Amino acid sequence: MSKRKNPSYNGNVNAAFCNFLIELSEYEKNVSRNIHKYNAYRKAATVLATHQKRIESGEEARKLNGIGDKISKKIDEFLHTGKLKKLENIHQDEEAQAVSLLTRVSGIGPVKAAELVRAGLKSIEHLRKYQDKLNHHQIIGLRHFEDFEKKIPRSEIKKVEEVIMKQITSIDAEFTITVCGSYRRGKENCGDIDVLVTHPLVKVVEEKKKPKDQILKKLIDKLNSSLITDTISMGDTKFMGVCRLTNKLPYRRLDIRLIPCVQYYCAVLYFTGSDVFNKNMRAHALEQGFTLNEYSLRPIGVTGVPGEPVPITSEEEIFEYINYPYKKPEERNL
Ligand code: 8DG
Ligand code: CA
Ligand code: CA
């Protein structure tokens, strides 16, 4: 998951509320580590961002699904004073600010950030001096801190896509490659590059059985000469790393996953997102008696136990099975 998500929707008339709600949600996730509050603020921000009418009072907001007493009070406070006490306090809190800052480094989560701040490391410059406190992922995140915060224009991802297609299909024309994430949803600017790859011969690995003939490693080796600059982590099915198209462009975060062919469309759906769209679709699947995840769609039997995965040969089929109106990737930007 790429960091720093600020869903700014085009023409969002409630953007001012969304901004403070997102900031509060980030605070809850990174500093308080209260995932429930994080989710509550995120949900409220999403609801307000998609609400067509400008909200004029906390009471009016309270009527929307996902906005309760506390958030409606904050909306009133903001409408009356133009600011929020809670946020003012957070801005004054040096430690909280330091924790938030450090979590912006790829590989540093809230727990690690708090630990570093407790040890007195409170800035990016500090971290650069004490890299022995960091693991491999965090060192790479720090090295490319400024670049990783830059959004990637879709025209650049398109070129990365072309390079990957060309290199990988030169190994074997039967590889299928899909760049997912916000790029597939048509966004003009993206946080990172999420690539899925499959091949008819890639079957589900059974537990403890040795994996896929190092297929992913062969693909990465091929891309190492032209595109990939660092490896953050490398497993049998998931590569996390860094790429750069030319030396004039920034370094970019790149993830490549090798997916068994029978799971491909569920994976493409899942990794296209958005995360809110996925949540809604999974909830709908459950109402229809199915359980949907990044691997499969399975009917839930009368005993409540999921059955065998439904065979799936396209993304559309998943929507059909659960009677969910098909949405093109560009329509999934919830
Ligand atoms: P961005 O990179 O431009 O910020 O947006 P994104 O492409 O939508 O987000 P992402 O963090 O790269 O995740 C890609 C998709 O993966 C996302 O749209 C939906 C799916 N996804 C979830 N939950 C999670 C999760 O917890 N971790 C990861 N890695 N992906 C998730 O729905
Ligand atoms: Ca990602
Ligand atoms: Ca992404």
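Since we're looking at a predicted model, the values are computed, not measured. Start at 1 and go down the list; that is how both ligands and their atoms are numbered.
If you look at Asp192 and ask which of its N, O or S atoms sits nearest the Ca ion (ligand 3), the answer is OD1.
Nearest to atom 3 (O) of ligand 1 by heavy-atom distance, out of Ser182, Cys180, Gly181, is Ser182. In this structure, of Tyr270, Phe277, Phe271, the residue bringing a heavy atom nearest to atom 31 (C) of ligand 1 is Tyr270. The closest heavy-atom contact to atom 32 (O) of ligand 1, among the options Thr272, Asp255, Asn278, Asn333, comes from Asn278.
Look at Asp172 and Lys218 and you find no salt bridge, because none of the NZ, NE, NH1 or NH2 atoms lies under 4.0 Å from a carboxylate O. With respect to Arg244 and Asp147, no salt bridge is recorded, no charged nitrogen being found less than 4.0 Å from a carboxylate O. In this structure, Asp221 pairs ionically with Lys217, as a charged nitrogen and a carboxylate oxygen lie closer than 4.0 Å. Ion pairing between a basic and an acidic side chain is recognised when a charged N comes within 4.0 Å of a carboxylate O; Glu330 and Arg154 show no such pairing. Taking 4.0 Å as the cut-off between side-chain N and carboxylate O, Arg184 and Glu315 count as a salt-bridged pair. Salt-bridge annotation for Glu156 and Lys248: absent, with no side-chain N of the basic residue lying under 4.0 Å from a carboxylate O of the acidic one. A salt bridge is defined here as a Lys NZ or Arg NE, NH1 or NH2 lying under 4.0 Å from an Asp or Glu carboxylate O, and Lys86 with Glu77 fails to meet this definition. Of the charged side-chain nitrogens involved, none lies within less than 4.0 Å of a carboxylate oxygen, so that Lys74 and Glu23 do not count as a salt-bridged pair.
By the 4.0 Å heavy-atom criterion, Ile152 is excluded from the residues contacting ligand 1. The closest approach between a heavy atom of Glu294 and any atom of ligand 1 is not below 4.0 Å.
Residue Cys190 has no nitrogen or oxygen atom sitting less than 3.5 Å from a nitrogen or oxygen atom of ligand 1, judged on distance alone.
The Asp194 neighbourhood of ligand 1 comprises atoms 7 (O), 12 (O), 14 (C), with distances under 4.0 Å to a heavy atom of that residue. Residue Asp192 approaches ligand 1 through these ligand atoms, each under 4.0 Å from one of its heavy atoms: 2 (O), 12 (O). When each atom of ligand 1 is checked for a heavy atom of Arg185 under 4.0 Å away, the hits are 8 (O), 18 (O). Numbered from 1 in the order shown, with element, the atoms of ligand 1 that lie under 4.0 Å from a heavy atom of Ser274 read 18 (O). Of all atoms in ligand 1, listed by their number and element, those nearer than 4.0 Å to a heavy atom of Asp275 are 19 (C), 22 (C), 32 (O).
At least one N/O/S atom of Asp194, from backbone or side chain, sits under 3.0 Å from the Ca ion (ligand 2).
The side chain to side chain contact (heavy atoms under 4.5 Å, CB included) test with Tyr38 singles out one residue from Lys29, Arg33, Lys43, and that residue is Lys29.
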